[in-house]
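Bear in mind the structure is a predicted one, so any value in this text is a computation, not a measurement.
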Amino acid sequence: QVQLVESGGGLVQAGASLRLSCVSSSRTFSSYTMGWFRQAPGKEREFVSAISWRGGSTYYSDSAKGRFAISRDNAKNTVYLQMNSLKPEDTAVYYCAGDLAGRFDSSESHTFGRSYRSWGQGTQVIVTS
């Protein structure tokens, strides 16, 4: 497991944008598939987006598709989540997660929280109407 630290959350109005960042302490970050999940109050954690170790493949939930964009900079050990056109229903704690690329054997596996062994502490996003 590696240490992951998220940042970039905040309080914004509907329609605004935020960019979340997640920095990894791992020297082998470039070998990691990275994902973003979120958990709203009273709800279960849900998948938002994921990116393959080289960044060549990306995955999005239906709610994120078209509004959010995941990217990574392996030289900086950082993964980003650009969130545009934010809605009140995007309000949640956003978690960064990661694990070795070899653990992911299908597109679907990227959406499972159990596929990831390393998790950050989360960053709060609040979107007001």
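- In terms of modelled atom types and a separation under 3.5 Å, the side chain of Arg38 and the main chain of Val93 share no donor-acceptor contact.
- Between Met83 and Ser17 the shortest side-chain heavy-atom distance does not fall below 4.5 Å.
- Here the CH2-OG distance, from Trp36 to Ser61, works out to 14.0 Å after rounding to the nearest 0.5 Å.
- Checked by atom type and distance alone, the side chain of Ser25 pairs as donor or acceptor with a backbone atom of Gln3 at under 3.5 Å.
- Note that SG of Cys22 is 10.0 Å distant from CZ of Arg72, once rounded to the nearest 0.5 Å.
- Minimum heavy-atom separation, Gly9 to Val125: CA-CG2, 4.1 Å.
- Here the side chains of Leu100 and Arg117 are in contact, with some heavy-atom distance below 4.5 Å.
- When each of Asp73, Ile70, Ile51 is paired with Tyr80, the side-chain contact (heavy atoms from CB on, under 4.5 Å) condition holds for Asp73 and for no other.
- Side-chain atoms of Gln124 come within 3.5 Å of backbone N or O of Ala92 as a donor-acceptor pair.
- Using a 4.5 Å cut-off on side-chain heavy atoms (C-beta onward), Leu4 and Trp119 make no contact.
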*asked:* Under the criterion side chain to side chain contact (heavy atoms under 4.5 Å, CB included), I'd like the reasoning laid out for Phe68 against Val48: C-alpha separation, chi angles, the key distance, then a yes or no.
replied: CA-CA 9 Å; Phe68 295 1; Val48 177; 3.7 Å; yes
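- No salt bridge links Lys87 with Asp90; every basic N to acidic carboxylate O contact stays at or beyond 4.0 Å.
- When the side chain to side chain contact (heavy atoms under 4.5 Å, CB included) test is applied to Ser26, the partners found at least two apart in sequence or on another chain are Val2, Ser24, Thr28, Tyr32.
- Considering only residues two or more places apart in sequence or on other chains, Ala14 meets the side chain to side chain contact (heavy atoms under 4.5 Å, CB included) condition with Pro88, Val127.
- For the pair Thr91 (side chain) and Ile126 (backbone), a donor-acceptor distance under 3.5 Å is absent.
- Here the closest non-hydrogen pair linking Ser109 and Ser106 is OG-O, 2.6 Å.
- Listed by first and then second residue, the ring pair (Phe, Tyr, Trp, His ring centres under 6.0 Å) pairs that reach into residues 91-115 are Tyr59-His110, Phe104-His110, Phe104-Tyr116, sequence neighbours excluded.
- Here the side chain of Arg103 pairs no donor or acceptor atom with the backbone of Asp99 at under 3.5 angstrom.
- More than 12 heavy atoms of other residues, nucleotides or ligands sit less than 6.0 Å from atom CD of Glu89.
- If you look at Phe29 and Trp53, their ring centroids are not closer than 6.0 Å.
- Asn74 contributes atom CG, which lies 10.0 Å from atom CE of Met34 (distance to the nearest 0.5 angstrom).
- Taking the side chain as every heavy atom from C-beta outward, Thr123 and Leu20 approach each other to under 4.5 Å.
- Inter-residue side-chain proximity for Leu86 and Leu18 is flagged as met; some heavy-atom pair is nearer than 4.5 Å.
- Listed for the Glu6 side chain is a donor-acceptor partner under 3.5 Å among the backbone atoms of Cys96.
- A donor-acceptor pair under 3.5 Å is formed between the side chain of Thr78 and the backbone N or O of Lys76.
- Considering CZ of Phe37 and CD of Glu44, their distance stands at 13.0 Å, rounded to 0.5 Å.
- Between the CZ atom in Arg19 and the OG atom in Ser7 there is a gap of 9.0 Å [rounded to 0.5 Å].
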